[in-house]
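One structure is given below, encoded as structure tokens.
Atoms considered below: every heavy atom in the structure, side chains included; atoms not considered: hydrogens, waters and symmetry mates. Residue numbers start from 1 in every chain, and the chains themselves are labelled A, B, ... in the order their sequence lines are given, proteins ahead of strands.
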Amino acid sequence: MIKFIFKAILRDKNRSLLPVIIISIGVFLTIFLSGFMSGVMGDMIDQSARFETGHVKIMSRAYAENKDQIPNDLALFGVDSLIKSLEKEFPNYNWVQRIRFGGIIDAPDLNGGSKGQGPSSGLAIDFFSGNSGEIERLNIPSSIMEGNVPQKSKEILIGFELAQKLKLDIGDTITYMGSTMYGSLAFESFIISGTVRFGVEAMDRGMVIVDISDARRMLDMEDAVGEILGFSKEGMYFDDKAAHTQSAFNAHYANSTDEYVPIMLRLKEQNNLDSLLDYVNSFSSMFVIIFVLIMSVVLWNTGLIGGLRRYQEFGIRLALGENKGHIYKTLILEAVLIGAIGSIIGTVIGVSATYIMQVYGLDISGMMKGGTMMMPSVMRAKFTFDLLYIGFIPGLFAMVLGNMLSGIGIYKRETATLFKELEV
Amino acid sequence: MKKIIIAIFAFILFTSMANFPDAGEIIKKVDQNMTSKTQIIESKMIIWGKRNNREVVSKGYAEGNTKSFTEYLSPQRERGTKMLKLEDKLWIYSPETDRTIQLSGHMLRQSVMGSDLSYEDMMENRKLMDMYNAKVIGEETIDGRKTWILELNAKVDNVSYEKRKMWIDQERYVPMKEELYAKSGQLLKKTEMSNFKKTGTRWYPTSINYKDMLKDGKGTDFIVLSIKFDEKIPDYIFSKASLKK
């Protein structure tokens with residue numbers, strides 16, 4: 001039976017070509033757009049996690065309230081003991097310390113004056129302990145344009161564009177000027193060990209990265225830290241697990257009124273990632289629903305046109321004594337086969353296009369000039385296994401649904417009027 | 001009847017206005033007290049932070065409204081840091097790095113040493129009458145002393161605060177309280193003066209509390225330890241070379 005219908009589909013291209021093309025396009029668009037959106041959004045979230053939010057982040061309550069201002073005067077104290085207790089209580093996370101700071105970077109000229117100046121946002125990470133994983137986490141080795149990662153104290157990595165703006169080379173000295181944790185003037189000279197380009201305009205234009213021990217000395221933050229970031233050892237963010245960790249940690253300080261006690265926030269609660277994550281999760285479902293609805297209507301219409309074209313054929317089959325239910329069944333079976341062919345073609349093209357976009361990406365750096373939003377300058381799709389069925393099933397379903405609707409007309413045919421209709 | 005009531009109100013308003021002296025004259029007398037040809041001042045800033053308090057001692061030299069030089073004497077972290085202002089330029093010298101850095105633009109609005117004063121506040125030494133149009137808007141008694149309440153509106157563009165409200169001692173012609181506003185009308189800072197001392201013919205507040213209204217905390221107390229007016233200051237003090245000495 002299937003073989004017979006399959007032959008009919010291949011031989012009568014009028015009944016299969018248009019639906020196959022429509023389904024292929026629909027399935028392709030669903031897969032590609034889902035893969036592209038989840039790739040771009042996933043990259044943004046991943047980048048935020050690595051650079052800013054962690055999977056969970058601990059700050060003092062007062063710091064958390066004003067975190068956009070990087071209020072190091074409200075930083076956490078007693079960090080060493082806090083880290084030890086975190087490692088003991090939550091061993092499934094890697095805990096890292098970070099200090100953010102703002103100020104200006106001044107490049108001296110040969111006479112000791114300034115040859116250039118620029119505002120900078122500083123990040124202090126653990127370069128030297130060798131077990132923090134921060135260098136890899138921030139993807140520093142592949143982001144380095146020139147030079148190396150700092151190897152010793154008082155070396156600094158500087159944003160590529162900032163270096164270009166101030167005409168700085170590797171080995172040049174720059175001076176940071178800002179405020180200590182207590183508000184005193186902070187001056188520190190560093191030697192440039194390398195320039196970095198993360199592909200994020202806001203960072204490349206003004207970021208400097210130093211070792212956390214240098215930042216502690218410079219900012220008077222001994223045993224203090226602005227932020228402690230926790231990264232799940234599974235490498236992925238799972239909101240339910242993060243929420244569990246968060247409630248367990250925050251419960252220790254629930255009864256404290258001290259505004260400097262630590263508080264844990266999870267990734268989803270920071271930088272408006274809450275809505276972004278929900279958006280990512282709902283985006284694929286939204287595509288599928290829209291696809292099924294539109295395709296069903298289109299294929300219903302196609303089925304109706306096909307039904308009209310095959311009006312005479314169905315009439316003859318009924319006149320020859322074929323059961324209405326049998327005709328309807330063969331029509332649906334035909335739809336399943338056509339739907340499967342279209343969905344397979346669409347899935348192959350969609351997955352291939354997604355993979356190509358994952359490898360090569362879409363460079364939007366030209367559009368991001370002057371932008372301050374933290375997002376990757378190359379937009380990439382992401383292939384996931386759900387893409388293999390995310391378009392296939394709706395493609396099949398839409399075709400079957402469309403034919404089921406249009407095929408209802410078969411049951412409205414009256415045997416008594418058949419010969420008149422067939423003009424026999 | 002209506003005309004009589006209006007006439008009575010107009011009379012009351014006219015007589016009360018007539019009691020207020022000319023605001024320009026008040027400002028002129030305030031400027032005479034607060035500004036001088038030269039000034040050598042040793043001061044202590046007590047910065048009331050949220051977590052801790054700091055005391056910063058400095059010695060400052062000023063000539064007219066274009067030149068000033070400040071050297072920080074303590075605490076150890078700040079010791080040897082120097083600031084030089086010439087016209088509208090400001091340089092800071094750090095002994096730790098042996099670097100002199102010029103500040104400009106928005107950096108001048110940053111806090112000095114974590115206090116409630118900005119570099120712009122520190123640099124501002126122009127006479128009030130050169131920057132503002134003033135009018136007297138009322139009277140108030142503060143700490144038992146009668147004051148005029150003056151409203152000052154900027155008449156030049158390059159001022160840090162578009163509007164000021166000052167409470168001027170009616171007898172000594174020194175400000176006792178001040179509110180500083182942004183162009184939007186937002187209150188940015190409050191200052192309260194106390195411990196007025198007479199030096200020669202002028203009265204001068206030796207304790208000023210600056211309160212940045214955008215920050216938490218009790219503000220910053222600026223305490224004058226010693227002050228000398230109109231003494232000769234050597235020219236080399238106001239040179240970039242003196243920063244590294």
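Proximity to chain A (any heavy atom under 4.5 Å) is restricted, for B/Thr81, to the side chain, taken from C-beta onward. With a 4.5 angstrom heavy-atom cutoff, A/Thr173 does not touch chain B via any of its atoms. Neither the backbone nor the side chain of A/Ser179 comes within less than 4.5 Å of any heavy atom of chain B.
Considering only heavy-atom pairs separated by less than 4.5 Å from chain A, the leading option among B/Met113, B/Arg99, B/Glu96 is B/Arg99. Looking only at heavy-atom pairs under 4.5 Å with chain A, the residue among B/Ile101, B/Asn52, B/Val56, B/Val112 that has the most is B/Ile101.
Summarising the local packing, OH of B/Tyr72 is surrounded by more than 12 heavy atoms from other residues, nucleotides or ligands at distances under 6.0 Å. Atom NZ of B/Lys37 sits in a sparse spot, with 12 or fewer heavy atoms from other residues, nucleotides or ligands closer than 6.0 Å.
Using a 4.5 Å heavy-atom threshold, the side chains of B/Arg54 and A/Ser184 count as touching.
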Between B/Arg77 and A/Thr180, does a side-chain contact (heavy atoms from CB on, under 4.5 Å) hold up when you go through it step by step?
CA-CA 10 Å; B/Arg77 172 104 198 180; A/Thr180 69; 3.4 Å; yes
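Ring centroids of A/Tyr63 and A/Tyr260 are separated by 6.0 Å or more, keeping the two rings apart.
Listed for the A/Glu269 side chain is a donor-acceptor partner under 3.5 Å among the backbone atoms of A/Arg266.
Ring geometry, A/His252 versus A/Phe249: the interplanar angle exceeds 60°, so the pair is classed perpendicular (tilted spans 30 to 60°).
Contacts from residues 186-193 of chain A to chain B, taken as heavy-atom pairs separated by less than 4.5 Å, involve A/Ala186, A/Phe187, A/Glu188, A/Ser189 in sequence order.
Taking the ring axis of B/Phe229 as reference, the NZ or CZ atom of B/Arg202 stays within 45° of it and closer than 6.0 Å to the ring centre.
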